[in-house]
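Report on the structure given below.
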Amino acid sequence: MYQFAYAEIMEEGVAVSKDREKQVLDRSIALLQAAKEKDGYTREAIEAVYFTRRLWIRFIEDLRAPDNQLNEELRANLISIGIWILNETEKIRKRESSNFQGVIDITTIIRDGLK
C-alpha cells in the first residue's frame with residue numbers, strides 16, 4: 001500500500017516538473033515571438049534573449065547533472081540543442097542575427113516533445 005502511494009507521488013512529481021518545463025518554454029516562445037514582431041534590437045529582444053539564455057543554461061546544467069534520469073543519448077542531444085540556442089541568442093544579442101524564428105521553432109519542438 002505504501003509503495004503504491006509513493007509511486008503515485010513520484011509520478012505526480014514528474015508530471016508537475018514537465019508542466020513547469022512546458023510553462024517556461026511557453027514563456028520563452030512568447031517573448032521570442034514578441035521580439036520578432038518588433039524591428040531592431042528592442043526591449044522585447046533584450047528580454048527574450050535574456051530569458052531564453054537563462055532558461056537553456058539552467059536546462060544544460062540539469063542535463064549535465066549525474067543524477068539526471070534521462071538516457072545519455074537524449075541528454076547529449078538536448079545539450080547540443082541548448083548550445084545551439086545559446087549560440088543563436090548570442091548572435092542576436094550581438095546584432096549579428098535576427099533568427100528569432102529558428103529559436104522559436106526549435107523551442108516549440110522541444111516543448112511539444114515533453115510528454
Side-chain angles (χ1 to χ4, degrees):
M1 179 170 168
Y2 292 113
Q3 266 188 359
F4 182 70
Y6 179 76
E8 284 180 338
I9 291 169
M10 291 304 294
E11 231 175 87
E12 284 179 14
V14 171
V16 168
S17 294
K18 286 184 180 186
D19 188 51
R20 273 189 243 142
E21 289 170 352
K22 286 180 184 179
Q23 288 175 12
V24 294
L25 289 168
D26 281 338
R27 175 81 174 133
S28 177
I29 292 165
L31 290 169
L32 291 163
Q33 288 173 332
K36 184 183 132 195
E37 292 172 5
K38 301 280 184 170
D39 283 335
Y41 194 69
T42 63
R43 182 184 61 79
E44 288 83 4
I46 293 167
E47 187 177 358
V49 166
Y50 180 72
F51 183 87
T52 301
R53 289 183 60 77
R54 282 190 10 220
L55 173 63
W56 279 97
I57 288 168
R58 179 64 186 106
F59 279 166
I60 290 169
E61 288 172 352
D62 183 58
L63 290 163
R64 292 181 62 205
D67 61 339
N68 187 296
Q69 295 181 0
L70 293 177
N71 74 57
E72 195 171 315
E73 183 180 359
L74 179 57
R75 288 171 42 194
N77 289 336
L78 289 170
I79 289 170
S80 293
I81 290 166
I83 291 169
W84 181 85
I85 288 174
L86 292 175
N87 288 334
E88 284 301 304
T89 54
E90 182 64 10
K91 288 177 188 174
I92 292 168
R93 187 190 68 77
K94 290 181 173 180
R95 298 176 183 112
E96 297 171 358
S97 173
S98 59
N99 188 20
F100 290 104
Q101 190 59 54
V103 179
I104 291 167
D105 292 344
I106 298 301
T107 304
T108 301
I109 291 168
I110 298 301
R111 182 206 56 204
D112 293 348
L114 291 172
K115 295 179 182 165

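We use all heavy atoms of the structure for the numbers below, so side chains are in, but hydrogens, waters and symmetry mates are not.
Around atom CD of Glu72, no more than 12 heavy atoms belonging to other residues, nucleotides or ligands sit under 6.0 Å away. No more than 12 heavy atoms of other residues, nucleotides or ligands lie within 6.0 Å of CZ in Arg64, so this atom counts as exposed by the packing criterion.
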*Does the pair Ile60 and Leu86 meet the rule for a side-chain contact (heavy atoms from CB on, under 4.5 Å), with working shown?*
CA-CA 10 Å; Ile60 290 169; Leu86 292 175; 3.6 Å; yes
*For the pair Lys91 and Asn99, evaluate side-chain contact (heavy atoms from CB on, under 4.5 Å) and give the outcome as yes or no after the intermediate values.*
CA-CA 9 Å; Lys91 288 177 188 174; Asn99 188 20; over 6 Å; no
_Could you go through Ile110 and Trp56, starting from their C-alpha distance and side-chain angles, then the distance that decides it, and tell me whether this counts as side-chain contact (heavy atoms from CB on, under 4.5 Å)?_
CA-CA 12 Å; Ile110 298 301; Trp56 279 97; 4.1 Å; yes
*For side-chain contact (heavy atoms from CB on, under 4.5 Å), just list the numbers for Arg93 and Thr89, CA-CA rounded to whole Å, side-chain angles, deciding distance to a tenth of an Å, and then say yes or no.*
CA-CA 6 Å; Arg93 187 190 68 77; Thr89 54; over 6 Å; no
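Rounding to the nearest 0.5 Å gives a distance of 11.0 Å between CZ of Arg53 and CD of Glu88. The CD atom of Glu44 sits 9.5 Å away from the CD atom of Glu37 when rounded to the nearest 0.5 Å. The line from CD of Glu90 to OG of Ser97 is 11.5 Å long, rounded to the nearest 0.5 Å. Distance check: Leu25 CG to Thr52 OG1 gives 9.0 Å after rounding to the nearest 0.5 Å. Here the straight-line distance linking atom CG of Asn87 with atom CD1 of Ile92 works out to 11.0 Å at 0.5 Å rounding.
Here the closest heavy-atom approach between residue Ala45 and residue Gly40 is recorded as CB-O, 4.4 Å. Nearest approach of Ser28 to Phe51, heavy atoms of both residues: N-CE2, 3.6 Å. Of all the heavy atoms in Phe59 and Val24, the pair that sits closest is CZ-CG2, 4.1 Å. Here the closest non-hydrogen pair linking Tyr41 and Ile46 is CE2-CG1, 3.3 Å.
You'll find the side chain of Leu74 stays beyond 4.5 Å of the side chain of Leu63, heavy atoms only. In this structure the side chain of Leu78 reaches within 4.5 angstrom of the side chain of Leu70, judged on heavy atoms.
Between the Thr108 side chain and the Ile104 main chain, a donor and an acceptor come within less than 3.5 Å of each other.
Cluster membership check: Ile57 does not share its hydrophobic cluster with Tyr50, using side-chain heavy-atom separations under 4.5 Å among Ile, Leu, Val, Met, Phe, Trp and Tyr. Connection of Leu114 to Ile81 is established within a shared hydrophobic cluster, with ILVMFWY side chains joined at heavy-atom distances below 4.5 Å, either directly or through further cluster members.
Taking a cutoff of 4.0 Å between a charged side-chain nitrogen and a carboxylate oxygen, Glu21 and Arg58 do not qualify as a salt bridge.
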